[in-house]
> 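Quick one: the structure is below, and I'll ask about it shortly.
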Amino acid sequence: MSSVLVKQIFRDQNTYLNKTIKVSGWVRTIRVSKSFGFIELNDGSFFKNLQIVVDDTLDNFQQITKLPVSSAIIVEGELVESPGANQPFELKAKCIEIEGLSTSDYPLQKKRHSFEYLRTIAHLRPRSNAFSAVFRIRSLAAYAIHRFFQERNFVYVHTPIITGSDCEGAGEMFRVSTLDFENIPRDSEGKIDFSKDFFGKEANLTVSGQLEAETFCMAFRNVYTFGPTFRAENSNTPRHAAEFWMVEPEIAFANLEDDMILAEEMLKYLITYCLDNAPEEMEFFNKFIDKGLLDRLDNVVQSEFGYLTYTEAIDLLKKSPQKFDYPVEWGCDLQTEHERYLTEKVFKKPVFVTGYPKEIKAFYMRMNEDNRTVAAMDLLVPGIGEIIGGSQREERLELLEERMKEFQLEKEDYWWYLELRKYGGTRHAGFGLGFERAIMYLTGITNIRDVIPFPRTVKSAEF
RNA sequence: UCCUCGAUAGCUCAACGGUAGAGCACCCGGCUGUUAACCGGGUGGUUGUUGGUUCGAAUCCAACUCGGGGAGCCA
């Protein structure tokens, strides 16, 4: 007899009810009396457990009742309606085979553990309810990203993880090198001789696939990247990791408005997909992690996102009755407290801020008519802050070169990027979505370390 | 990197200058429909590390390590 997945049983119970079936999984908990007992079995396919009823007609009943938590077993029995209130059906075991024993010092107990503790046992935490839910959502969300773009004929580009161009100034980078640290080659000026290194030049882990994505954008029109990204910043916050995943679409013949429409549709698609395909997990988050989660997500899906310009935002903040620690002045970057005020207090939903002063944004962003702001947008969401940053790209070669000069960037280092403007460059735009921040927003989990299977952060790369 | 709070049993916490405790977990026993099952008993500690103050330190002080929260940087 072949095994049935617990998810199949829950989704299609009429097919299996009153039939003899076989399931396999791990013991989450056992409750026993003298001659009968209950096992909660989780087989990994589904968030919920299947209740197994055992009694002393089983020839290994004594052994079964003493199984340590997390033992792996194979159960054959009849699926029947359950008289208990907490489950619609249960499996009356006829035969239980022990696949793999656990031991009584198994660290996960059947009570609530702190996220801090679970982080110290990252190899076991996917077996807990919360992380089982988080990582199934992460998987579904990744799939939803691909579906969203593929349905719209976007081409998925694998931009390089190792990059030779120190582009963008998007952040501190991790160096990639095979040089012998004990014996570093030097040139005649005493500087490190990277011509002796593996790539014959300095190389780093990517901080963004955007510049490479733009090359494919000019060939495939609409493209996206989805992969790991690295920042070597000494950030110690619940929202930053050294290794994280980013989604970066890039669209041709498009302006900033098209970019924002795409971002809004993508986020709504992502939320809807997870609500539709993992209702049990989403209910769990709503019940145990963040009581207002489902209401908030529903609100996001239903409502139009807010829009305002940076200049309007500054005016709003200046008129605000709320006192801020940092002064508000046109030309300054918005502080976290300002962003939170806008998205949490004023709009109470996701809000796009556009048209930032050129001095505080990257060189590739398109100059506006006023010659002092650029066509940039940040999407701010309640509880997380900035979740998306994007812009229309500067397609006018002279203006782009001028901006690079202001940023003291060498034209030669960006020769291929500049050629995109030379050979039939078009209006184009794109954005970056922090995948983990999206997962945090979807689940209500407040620490990025708890939405990454094995998080890498400052002073931490265990597992 | 800065500010701030914390570290006591496997886990979550109490004890706040005078013999280190509870709940859960775990072990033993009981229980014929449990739901973080229940009832009875038991095991379990160099109080993060190092140094200092004191007759006496989990408790006061200092440094370090690690962790939480806030800020900066950003996604």
Side-chain angles (χ1 to χ4, degrees), chain A residues 28-40 48-57 65-66 68-69 80 82-87 90 92 102-121 124 128-129 168-172 206-210 228-248 263 288 324-326 333-340 360-362 378-381 384-390 431-441 446-452 457-460 462:
Chain A
R28 280 288 177 83
T29 177
I30 296 183
R31 294 178 290 269
V32 279
S33 298
K34 190 178 183 183
S35 60
F36 74 97
F38 303 91
I39 299 175
E40 298 241 3
K48 290 185 174 173
N49 303 320
L50 179 63
Q51 175 160 286
I52 311 289
V53 186
V54 294
D55 61 37
D56 55 9
T57 60
T65 60
K66 290 190 166 54
V69 172
V80 296
S82 175
N86 288 11
Q87 61 282 319
E90 61 194 18
K92 271 192 119 56
S102 179
T103 60
S104 64
D105 62 352
Y106 179 66
L108 281 171
Q109 301 169 15
K110 44 189 173 188
K111 64 163 192 172
R112 204 164 182 165
H113 285 292
S114 67
F115 280 112
E116 289 84 356
Y117 170 65
L118 290 168
R119 255 172 243 154
T120 68
I121 49 170
L124 299 175
S128 68
N129 285 332
E168 304 170 72
E172 292 297 310
T206 184
V207 292
S208 163
Q210 183 200 315
T229 307
F230 307 87
R231 303 278 165 89
E233 258 125 34
N234 190 9
S235 297
N236 292 287
T237 85
R239 302 181 305 282
H240 291 86
E243 176 181 332
F244 63 100
W245 281 54
M246 201 150 56
V247 179
E248 295 179 292
F288 292 107
F324 298 110
D325 293 337
Y326 290 85
D333 217 344
L334 295 179
Q335 303 293 317
T336 298
E337 58 173 349
H338 305 142
E339 295 182 341
R340 294 189 62 149
I360 59 174
K361 287 293 180 182
D378 282 355
L379 178 63
L380 312 176
V381 299
I384 309 289
E386 188 181 335
I387 195 170
I388 284 176
F431 63 81
L433 166 78
F435 184 59
E436 282 77 10
R437 290 193 181 170
I439 304 297
M440 291 166 75
Y441 191 55
T446 55
N447 195 312
I448 197 167
R449 296 167 176 87
D450 299 326
V451 298
I452 300 176
T457 54
V458 181
K459 296 268 185 288
S460 171
E462 188 72 49

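Protein chains get the first letters and strands the later ones, always in sequence-line order, with residue 1 at the start of each. Predicted model, so just to flag it, every value in this text is computed and none were measured.
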> Between the base of B:C74 and the side chain of A:S235, is there any donor-acceptor pair under 3.5 Å?
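Result: no qualifying N/O pair found.
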> Please state the C1' separation for the pair B:G17 and B:C61 - nearest whole angstrom.
14 Å
> What closest approach, in Å, do A:H240 and A:T457 show between heavy atoms, and which atom pair accounts for it?
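Looking at all heavy atoms of both residues, the shortest contact is O-CG2, 3.9 Å.
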> Output, in order, the C-alpha distance, side-chain angles, deciding distance and verdict of ring-ring contact (aromatic ring centres under 6.0 Å, His included) for A:Y326 and A:H338.
CA-CA 9 Å; A:Y326 290 85; A:H338 305 142; 7.1 Å; no
> From CG of A:L334 over to P of B:C73, roughly how many Å is that when rounded to an integer?
11 Å
> Under 3.5 Å for both donor-acceptor distances, Watson-Crick or wobble: does B:G45 have a partner, and if so which one?
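B:G45 is unpaired by these criteria.
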> Taking the same atom, C1', in B:A20 and in B:A62, what whole-Å distance lies between them?
25 Å
> Relative to each other, are the rings of A:H113 and A:Y117 parallel, tilted or perpendicular (30° and 60° limits)?
tilted
> Distance between the P atoms of B:U46 and B:A9, in whole angstroms?
8 Å
> What are the two closest non-hydrogen atoms of A:T65 and A:I30, and how far apart are they?
O-CG2, 4.3 Å
> Would you tabulate the pairs of protein nitrogen or oxygen atoms and nucleotide nitrogen or oxygen atoms of nucleotides 5-12 of chain B closer than 3.5 angstrom?
{"from": "B:G10", "atom 1": "N2", "to": "A:Q109", "atom 2": "OE1", "distance (Å)": "3.1"}
{"from": "B:G10", "atom 1": "N2", "to": "A:Q109", "atom 2": "NE2", "distance (Å)": "2.8"}
{"from": "B:G10", "atom 1": "N3", "to": "A:Q109", "atom 2": "NE2", "distance (Å)": "3.3"}
{"from": "B:C11", "atom 1": "O2'", "to": "A:K111", "atom 2": "NZ", "distance (Å)": "3.4"}
{"from": "B:C11", "atom 1": "O2'", "to": "A:H113", "atom 2": "ND1", "distance (Å)": "3.3"}
{"from": "B:C11", "atom 1": "O2", "to": "A:K111", "atom 2": "NZ", "distance (Å)": "2.4"}
{"from": "B:U12", "atom 1": "OP1", "to": "A:S114", "atom 2": "OG", "distance (Å)": "2.9"}

> Contact class for A:I388 (heavy atom, under 4.0 Å): base, sugar-phosphate, or nothing?
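Result for A:I388 = sugar-phosphate.
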> With a 4.0 Å cut-off on heavy atoms, is A:D325 in touch with a base, just the backbone sugar-phosphate, or nothing at all?
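No contact.
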> Please measure how far the P atom in B:A58 lies from the corresponding atom in B:C16, and state the result in whole Å.
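To the nearest whole Å, 13 Å.
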> Quick one, give me the B/S/- string for nucleotides 27-34 of chain B, reading 5' to 3', where B means a protein heavy atom under 4.0 Å from the base and S means that only happens at the primed atoms, P, OP1 or OP2.
S---BBBB
> Expressed in whole Å, how much space separates the C1' atoms belonging to B:G70 and B:C13?
25 Å
> Go ahead and name the base partner of B:C38; Watson-Crick or wobble counts if both distances stay under 3.5 Å, otherwise write none.
B:G30
> Could you identify the nucleotide paired to B:G67, looking across every strand shown and requiring Watson-Crick or G-U wobble geometry with both distances under 3.5 Å?
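B:G67 is paired, partner B:C5.
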> If you measure from CZ on A:R119 to CD on A:E462, what distance do you get to the nearest 0.5 Å?
14.5 Å
> Taking any strand in view, what nucleotide pairs with B:U59 in a Watson-Crick or G-U wobble way, both distances under 3.5 Å?
none
> Run the salt-bridge test on A:E40 and A:R31 with the 4.0 Å N-O cut-off and return the result as yes or no.
yes
> Which whole-number value in Å describes the distance from A:N236 CG to B:U4 P?
16 Å
> Just how far is it from atom CZ of A:R449 to atom CD of A:E116, taken to the nearest 0.5 Å?
10.0 Å
> Base, sugar-phosphate, or nothing for A:T29, non-hydrogen atoms under 4.0 angstrom?
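Here A:T29 touches the backbone only, sparing every base.
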> Who pairs with A:K110 by side-chain hydrogen bond (donor to acceptor under 3.5 Å, both in side chains), at least two apart in sequence or on another chain?
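side-chain hydrogen bond (donor to acceptor under 3.5 Å, both in side chains) list for A:K110, sorted by chain: A:T29.
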> Round to a whole Å and report the spacing from CG of A:D333 to C1' of B:A71.
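Roughly 14 Å, once rounded to whole Å.
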> Look up atom CD in A:Q335 and atom CD in A:E337, then write down how far apart they are to the nearest 0.5 Å.
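So the gap between those two atoms works out to 6.5 Å.
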> Where the side chain of A:Y326 is concerned, which of B:A71, B:G68, B:A36 is the nearest nucleotide?
B:A71
> Take A:L118 and A:L108, measure what side chain to side chain contact (heavy atoms under 4.5 Å, CB included) needs, and give me the verdict at the end.
CA-CA 9 Å; A:L118 290 168; A:L108 281 171; 3.4 Å; yes
> For the pair made of CZ in A:F230 and P in B:C73, what is the distance, rounded to whole Å?
24 Å
> Judged by each residue's nearest nucleotide on RNA chain B, which is more toward the 5′ side, A:S460 or A:I387?
A:S460
> Using a cut-off of 4.0 Å on non-hydrogen atoms, how would the nucleic acid contact of A:N234 be classed: base, sugar-phosphate, or nothing?
base
> For the C1' atoms, the ones on B:A14 and on B:G72, what distance do you get once it is rounded to whole angstrom?
37 Å
> Which base, if any, makes a Watson-Crick or G-U wobble pair with B:G23, both distances under 3.5 Å?
B:C11
> CZ of A:R340 versus P of B:G72: gap in Å, rounded?
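About 11 Å, once rounded to whole Å.
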> Starting at atom NE2 of A:H338, determine the distance to atom P of B:C73, rounded to an integer number of angstrom.
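Distance check: A:H338 NE2 to B:C73 P gives 11 Å.
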> Taking the nucleotide of RNA chain B with the closest heavy atom to each, which residue, A:K361 or A:K459, is nearer the 5' end?
A:K459
> Rounded to whole Å, please give me the gap between CD1 in A:I360 and C1' in B:C74.
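Computing the A:I360:CD1 to B:C74:C1' distance gives 13 Å.
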> What integer number of Å spans the C1' atoms of B:U49 and B:C26?
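Each nucleotide's C1' atom is 29 Å from the other's.
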> Which heavy atom of A:E436 sits nearest to which heavy atom of A:F244, and what is that distance?
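Closest pair (atom of A:E436, atom of A:F244, distance): OE1-CB, 3.4 Å.
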> Compare the minimum distances between each of B:G72, B:A75, B:C73 and the side chain of A:T237, then state the nucleotide with the smallest one.
B:G72
> So, is A:Q335 close to the B:G72 phosphate, meaning a side-chain N or O under 4.0 Å from OP1 or OP2?
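Looking at the OP1 and OP2 atoms of B:G72, one of them is under 4.0 Å from a side-chain N or O of A:Q335.
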> B:G69 P sits how many Å from A:H240 NE2, rounded?
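The answer, rounded to whole Å, is 14 Å.
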> Can you measure from CZ (A:R437) to CG (A:L379) and round to the nearest 0.5 angstrom?
12.0 Å
> I'd like the P distance from B:A7 over to B:A75, given in whole Å.
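About 37 Å, rounded to a whole number of Å.
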